[in-house]
Amino acid sequence: MKSILPILTVVAAIIVLWYGAAVWLNSKWVYDQAARAGVEVSFSEVVKQTMNQERPKLPAPHQVAAELWKTTVEKKITSKRSLIFHSWITLSATLLGFAIGTGLGILLAVGIVHNRAMDMSVMPWAIASQTIPIIAIAPMIIVVLNSVGIQGLLPKAIISAYLSFFPVVVGMVKGLRSPGMMELDQMKTWNASPAQTFWKLRLPASMPYLFASLKVGIAASLVGAIVGELPTGAIRGLGARLLSGSYYGQTVQIWAALLAAAILAAGLVGIVGLIQRITLRRMGMAQ
Amino acid sequence: MTSDAVIAARDLGLTFQTNDGPVHALKDVNLQIARGDFVSFIGPSGCGKTTFLRVVAGLEEPTAGQITVNGMSPDEARRARAYGYVFQAAGLFPWRTIAGNVKLPLEIMGFTRAEQEKRVKKVLQLVDLEGFERKFPWQLSGGMQQRASIARALAFDADILLMDEPFGALDEIVRDHLNEQLLKLWARTGKTIAFVTHSIPEAVYLSTKIVVMSPRPGRIHDVIESPLPRERPLDIRDTPEFLEVAHRVREGLRAGHAYEG
């Protein structure tokens with residue numbers, strides 16, 4: 001209960017600010033309409049008219065909430081207008097991309113820790129890869145893969161993996177290197193093989209670092225999947241909803257898709273956090 | 001070299017090359033440790049006592065002289081798992097229970113599961129930790145953690161126990177208790193123990209042989225054969241014999257420092 005009150009306070013403050021901004025941004029259109037019609041409007045009339053415009057600059061919270069309700073609860077999941085349907089499309093690419101990115105990130109980290117040549121060469125490239133704007137490289141990935149006949153889920157997942165492998169590499173390298181000299185000497189006194197040192201010392205020691213990275217990685221994966229939907233003119237997925245919303249000036253639809261993406265991200269990070277808690281507790285490493 | 005020497009060092013030297021020039025961690029060290037000895041190494045920081053232990057363990061390569069452990073080179077002895085090493089910190093893995101930590105070297109060395117269980121039970125009994133098998137390290141006091149780490153070093157039945165200031169971080173009351181237990185354990189197992197310490201009473205109380213070392217370059221200043229009997233109650237520390245040995249160690253430490261500056 002103690003933690004719920006501050007959260008609700010912040011949410012309330014955001015909603016108040018949001019309503020204020022909606023009145024401010026949408027009033028121009030009301031005044032323009034009134035001037036064109038040659039009538040005077042009172043302030044209370046203006047406020048009323050900023051709340052329910054069809055294409056507002058900034059839709060009011062209740063409009064977005066109504067749109068969310070309409071496109072989730074009131075639509076069948078299989079409907080092209082259901083946000084749950086679109087969310088699932090994006091989610092599947094996110095999860096596949098996250099799996100690829102995490103696997104690749106862990107493999108690279110293991111290589112970096114165990115191989116000097118990889119230690120010197122891989123990290124600069126990994127960092128360089130993250131300095132390229134994803135929006136610039138995404139269309140090229142789509143086009144190149146399309147030309148070799150790969151379409152649909154996989155190209156989006158690869159863009160998503162491109163964003164999510166990096167935090168995993170960084171966190172895993174730090175985690176695998178977290179055992180100190182004493183622990184490593186200890187393994188040496190037992191004449192442990194490098195493989196035993198890895199499985200019994202380095203890998204378990206890296207778990208807290210891995211989970212911290214996974215939380216960043218899963219959120220990055222979702223961003224990657226959405227961005228991957230933009231340049232293809234995709235007709236399915238949250239990215240497609242954002243895109244079609246902006247084509248037709250459907251700001252309410254854009255904001256509903258944005259909010260759905262935010263809820264999805266929060267849920268994914270929450271699930272990773274839950275797995276983290278359970279795993280570390282079972283390992284006896286819970287904080 | 002006599003045949004019963006478990007550890008024998010001749011003209012042993014170790015020089016580290018650093019940016020500030022060479023550092024002589026060990027110079028002309030000659031020492032024989034017989035089977036069943038309890039040898040303490042005492043001296044100020046930088047005298048090479050830990051370095052000597054690490055050379056015995058094969059964790060450092062000497063740059064001069066010879067050393068044999070069980071008649072082999074230290075590295076061969078390490079591969080043959082001839083010794084258990086107890087570090088200054090307990091170094092238990094936080095993700096393993098006490099039993100799991102003790103089991104770790106046994107898993108690495110490929111003991112069967114049944115054998116692992118048997119040995120864990122035996123050594124935890126030896127250090128008075130039965131009943132704590134399923135606890136995690138953070139649930140135990142510092143003294144108990146160090147006992148668990150000793151149990152882990154004993155688990156695979158090495159004849160030699162190398163201990164690098166194992167009780168250095170513990171308070172005096174706990175330390176007294178652990179010293180007494182360690183002597184009992186030594187009497188029961190008949191192991192050869194090499195023990196690094198900063199504490200004169202600890203060295204005198206535990207050892208059959210005390211090696212006093214001095215720094216820069218790290219070398220042996222004096223080797224004292226203790227006249228005390230093997231059976232030692234805690235209050236032996238108030239006897240004149242004990243105080244005499246302690247006095248000689250203190251003199252040795254002072255002299256080792258004197259011609260430095």
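Just so it is clear, the structure is predicted and the values come from calculations on it, not from any experiment. Here is how names work: the chains are called A, B, and so on, in the same order as the sequence lines, proteins then strands, and each is numbered from 1. Note: hydrogens, waters and symmetry copies are ignored here, and every other heavy atom, side chains too, is used.
- Heavy atoms of B/Ala82 lying under 4.5 Å from chain A are absent altogether.
- The 12-atom threshold is not exceeded at NZ of B/Lys135, counting heavy atoms of other residues, nucleotides or ligands nearer than 6.0 Å.
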Show me the side-chain donor-acceptor pairs of residues 34-47 of chain B shorter than 3.5 Å, one per line, residues at least two apart or across chains.
| from | atom 1 | to | atom 2 | distance (Å) |
| --- | --- | --- | --- | --- |
| B/Asp37 | OD2 | B/Ala34 | N | 3.1 |
| B/Ser40 | OG | B/Ser207 | OG | 2.5 |

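- Between A/Asp185 and B/Phe87 the shortest heavy-atom distance is CB-CZ, 3.8 Å.
- To the nearest 0.5 Å, the span separating CG on A/Asn191 from CD1 on B/Ile108 amounts to 9.5 Å.
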Please output the side-chain donor-acceptor pairs of residues 262-273 of chain A that fall under 3.5 Å, not counting sequence neighbours, one pair per line with the distance.
none

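- Heavy-atom distances place the side chain of A/Met187, and not its backbone, under 4.5 Å from chain B.
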Legend entry - B/Tyr85 and A/Gln186: CA distance, side-chain angles, deciding distance, side-chain contact (heavy atoms from CB on, under 4.5 Å) verdict: CA-CA 8 Å; B/Tyr85 200 113; A/Gln186 224 166 41; over 6 Å; no

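- Residue A/Gln196 touches chain B through its side chain alone, counting heavy-atom pairs closer than 4.5 Å.
- Counting heavy atoms of neighbouring residues, nucleotides and ligands inside a 6.0 Å radius, atom CD of B/Glu61 does not exceed 12 of them.
- For chain A, the nearby part of B/Arg81 is the side chain; its heavy atoms alone come within less than 4.5 Å.
- The distance from atom CG of B/Leu92 to atom CD of A/Glu183, rounded to the nearest 0.5 Å, is 10.0 Å.
- Note: A/Trp190 CH2 to B/Met109 CE = 8.0 Å, rounded to the nearest 0.5 Å.
- Residue-level contacts of residues 106-131 of chain A with chain B do not occur; threshold 4.5 Å between heavy atoms.
- A donor-acceptor pair is defined here as one N or O able to donate and one able to accept, closer than 3.5 Å; no such pair exists between the side chain of B/Trp95 and the backbone of A/Arg282.
- Shown here for B/Phe136 and A/Met283, the closest heavy-atom pair between the two residues is CE2-O, 3.6 Å.
- For the side chain to side chain donor-acceptor pair (under 3.5 Å) condition, the pairs that include at least one residue of residues 107-122 of chain B, sequence neighbours left out, are A/Lys200-B/Glu107, B/Arg96-B/Glu107, B/Lys103-B/Glu117, B/Glu115-B/Arg119, B/Arg119-B/Asp157.
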